[in-house]
Structures are given as structure tokens and as C-alpha cells.
Amino acid sequence: MNRREFTAAAGATLGVAALGLPGLALAQFKPEEGRQYHTLDKRAPSDGPAGKIEVIEFFWYSCPHCNAFEPRLSAWTKKLPADVYFHRVPVAFRDDFVPQQRLYYTLETLGKVDELHAKVFDEIHNKRQPTNREEQILAFAEKNGLDRAKFQEIYNSFSVQAKARRARQLQDQYEVQGVPSMGVAGRYITDGDMAGNMDRCLQVVEYLVAEARKAK
């Protein structure tokens, strides 16, 4: 889902988009710079541990494509090599994306991303609950067994607000044009539009990780 679609949708939740399947055998596929991925003019700073190759998923909870991609991505991350550091960054192409950024970082602070990340997608896309304003987010937290007052305190904390601002800076440094997108090693960005589909996008990421490993 690109920035033009976000503007046209005006924050509306759309129907779930299915992941595409590769049109060619993956063994025949070699990514090309400027086509399947883009090399950043200026390297983005890394938030990962020293010596690790950072891989980022840029996402938005209300994006149907991110929702469709999540199960595939989750399975893929479980097989990553030990020298790869993966994390997610919620985008904010508009100010009304910020509550969901803070939702993600509150879950992260509480150590609840593994348990509740997929449930946020389910709440929005399957149960048709927008979950994009503070009151709705607090209701979701309480429904899923979290202490409402504690969640609200963290959600409105300086540290979570700072993480949301940092996420917005990072999306700009990676020149993110839509979601889901994948950033690699502070140097590369790819997405489903460039790669052809999100399965192919993960193949591009694997190629870029190998390139980053060679450059270390």
C-alpha cells in the first residue's frame, strides 16, 4: 500500500490483499538494483547490536497488505541466521497513524509483541474494530488481559512518544514509499511493488543480507 493509496483511503481499512506467488522459479531470480531494490544515497543509522545485519519491516496495523503478509513474515523470521537482527518499525505517513505507532511501542515495552501483535491485526481486519484511537486501544489492551491504567501510562510516556518520533525519522531515512517494506543494513529498501510480490520481496531481502555480509 503506497502513500497515494493512504491519501485516497483517508485512513479507511480496506479488504485483505492476498500475497502473490512468484511467477518464475526462485532459483532463476537475481535481484537488480533500481528494479527489485533501491540503494539509499545516505546510509540510515542502525538500532541493532554491533556486528549484526539489521532487517526492518516497516508496517501499519490498518494496512490490509501488512495484515496479509504477517503470517508469512512471522514464519520467515523464525529461520533467520544468528547474525541477523530483525525488528519492526510502525510508520506514520500521517499524524493519525501515531496512535498505532504508540500501541506497538507500548506492547514492546510490556514484552507483549509476540503475544498480541497478530491479535491487533485480527482486531482490525477480521473483527472490524478500527483500534486507531487511544480509547479503542485501551479497550483492546483491557480485553486482552492487560492492566488498563498501566498500559495508558506507558502509552502516554515520554519514552514511547520518543520511539514513535524515531520511527518516523527512520521511515524517512529509508525513503519508505509504502508498506509493507523491508529495510536491510541501513543501505537498502525493497517492497512488494519493486520485487513483484511479498514472497519475492523476502527473497530480495535474503540476497541483500548476503550482500551486506560480504561487505562486513
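- Smallest separation of non-hydrogen atoms from Gln171 and Phe58: CA-CE2, 3.8 Å.
- Residues Glu211 and Tyr188 have side chains in contact (heavy-atom distance under 4.5 Å, counting atoms from C-beta outward).
- For Lys150 and Glu142, the salt-bridge test fails: no basic side-chain N is under 4.0 Å from an acidic carboxylate O.
- Side-chain contact between Val89 and Arg166: absent, with no pair of heavy atoms (C-beta onward) separated by less than 4.5 Å.
- At a threshold of 4.5 Å between non-hydrogen side-chain atoms, the residues Val209 and Leu80 do not count as touching.
- Rounding to the nearest 0.5 Å gives a distance of 12.0 Å between NE2 of His38 and OG of Ser181.
- Contact record, Ile56 with Phe86: C-CE1, 4.5 Å, taken as the closest heavy-atom pair.
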Item to check | Stepwise side-chain contact (heavy atoms from CB on, under 4.5 Å) test for Leu146 and Gln152 | outcome: CA-CA 10 Å; Leu146 301 180; Gln152 186 173 29; over 6 Å; no
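- Between His117 and Phe121, the ring-plane angle classifies as perpendicular under the 30° and 60° cut-offs.
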Checklist entry - How far apart are the C-alpha atoms of Arg148 and Glu135, what are their side-chain angles, what is the distance that settles it, and do they pass the salt bridge (Lys or Arg N to Asp or Glu O under 4.0 Å) test? => result CA-CA 10 Å; Arg148 183 187 179 101; Glu135 190 59 32; 2.5 Å; yes
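- The two residues Gly183 and Tyr174 make their nearest non-hydrogen contact at CA-CE2, 3.5 Å.
- Between Lys30 and Gln36 the shortest heavy-atom distance is O-OE1, 4.3 Å.
- Among all heavy-atom pairs drawn from Ala167 and Pro90, the shortest one is CB-O, 3.6 Å.
- Residue-environment remark: CD (Glu134) exceeds the threshold of 12 foreign heavy atoms within 6.0 Å.
- Annotation for Lys216: atom NZ counts as buried by contact number, over 12 foreign heavy atoms lying within 6.0 Å.
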Next on the checklist: Checking Arg88 against Glu70 for the side-chain contact (heavy atoms from CB on, under 4.5 Å) test, could you report, in this order, the C-alpha distance in whole Å, the side-chain angles of both residues, the deciding distance, and whether it holds?
Outcome noted: CA-CA 11 Å; Arg88 297 176 173 87; Glu70 176 56 30; 2.9 Å; yes
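- Hydrophobic clustering keeps Ile189 apart from Tyr85 (ILVMFWY residues linked when any side-chain heavy atoms are closer than 4.5 Å, directly or through intermediates).
- Lys79 has no carboxylate O lying under 4.0 Å from a charged side-chain N of Glu206, or vice versa, which leaves the two without a salt bridge.
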Next on the checklist: Determine whether Leu202 and Phe69 satisfy the following criterion, side-chain contact (heavy atoms from CB on, under 4.5 Å), listing intermediate values before the conclusion.
Outcome noted: CA-CA 11 Å; Leu202 291 179; Phe69 182 47; 3.7 Å; yes
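- Taken from CD in Gln101 to OG1 in Thr106, the straight-line distance is 11.0 Å, to the nearest 0.5 Å.
- Between Phe93 and Trp60, the closest side-chain pair of non-hydrogen atoms is not below 4.5 Å.
- Annotation: the span from Glu153 atom CD to Thr109 atom OG1 amounts to 11.5 Å, rounded to 0.5 Å.
- When the side chains of ILVMFWY residues are joined at heavy-atom separations under 4.5 Å, either directly or via intervening members, Leu138 and Leu103 end up in a single hydrophobic cluster.
- Between Val205 and Val55, the closest side-chain pair of non-hydrogen atoms falls below 4.5 Å.
- A side-chain contact (heavy atoms from CB on, under 4.5 Å) with Pro99 is found for exactly one of Asn132, Thr131, Ile137, namely Ile137.
- The side-chain contact (heavy atoms from CB on, under 4.5 Å) test with Leu40 singles out one residue from Gln173, Arg187, Glu175, and that residue is Glu175.
- The shortest side-chain heavy-atom distance between Tyr105 and Glu108 falls under the 4.5 Å cut-off.
- With Glu123 contributing its side chain and Lys119 its backbone, the two residues share no donor-acceptor pair below 3.5 Å.
- Side-chain atoms of Arg43 come within 3.5 Å of backbone atoms of Ala185 as a donor-acceptor pair (strictly under, hydrogens ignored).
- A side-chain donor-acceptor contact under 3.5 Å links Gln136 to the backbone of Arg133.
- Counting non-hydrogen atoms of other residues, nucleotides and ligands closer than 6.0 Å to CZ of Arg35 gives a total of 12 or fewer.
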Next on the checklist: Between Val98 and Arg168, does the side-chain contact (heavy atoms from CB on, under 4.5 Å) criterion hold? Intermediate values first, please.
Outcome noted: CA-CA 9 Å; Val98 174; Arg168 201 162 193 167; 4.1 Å; yes
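- Hydrophobic clustering, with ILVMFWY side chains joined whenever heavy atoms are under 4.5 angstrom apart, groups Val113 together with Phe140.
- Put simply, CE on Met194 and CZ on Arg200 are 14.5 Å apart, with the number rounded to the nearest 0.5 Å.
- Taking the centre of each ring, Phe59 and Tyr104 come in below the 6.0 Å mark.
- Checked against the 6.0 Å centroid threshold, Tyr61 and His125 do not count as a close aromatic pair.
- Counting heavy atoms from C-beta on, the side chains of Asp172 and Gln169 never come closer than 4.5 Å.
- With rounding to the nearest 0.5 angstrom, the CZ atom of Phe151 is 6.5 Å from the CG atom of Leu110.
- A chain of hydrophobic side-chain contacts below 4.5 Å, direct or via other Ile, Leu, Val, Met, Phe, Trp or Tyr residues, connects Trp76 to Val84.
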Checklist entry - Does the pair Ser74 and Lys78 meet the rule for a side chain to side chain donor-acceptor pair (under 3.5 Å), with working shown? => result CA-CA 7 Å; Ser74 181; Lys78 290 178 173 62; 3.2 Å; yes
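- Between the side chain of Glu33 and the main chain of Thr39, a donor-acceptor pair closer than 3.5 Å is present.
- Using a 4.5 Å heavy-atom threshold, the side chains of Asp47 and Glu54 count as touching.
- Closest heavy-atom contact between Phe97 and Ala92: CB-CA, 3.5 Å.
- Atoms CG and CD1, from Asp83 and Ile53 in turn, are 4.5 Å apart once rounded to the nearest 0.5 Å.
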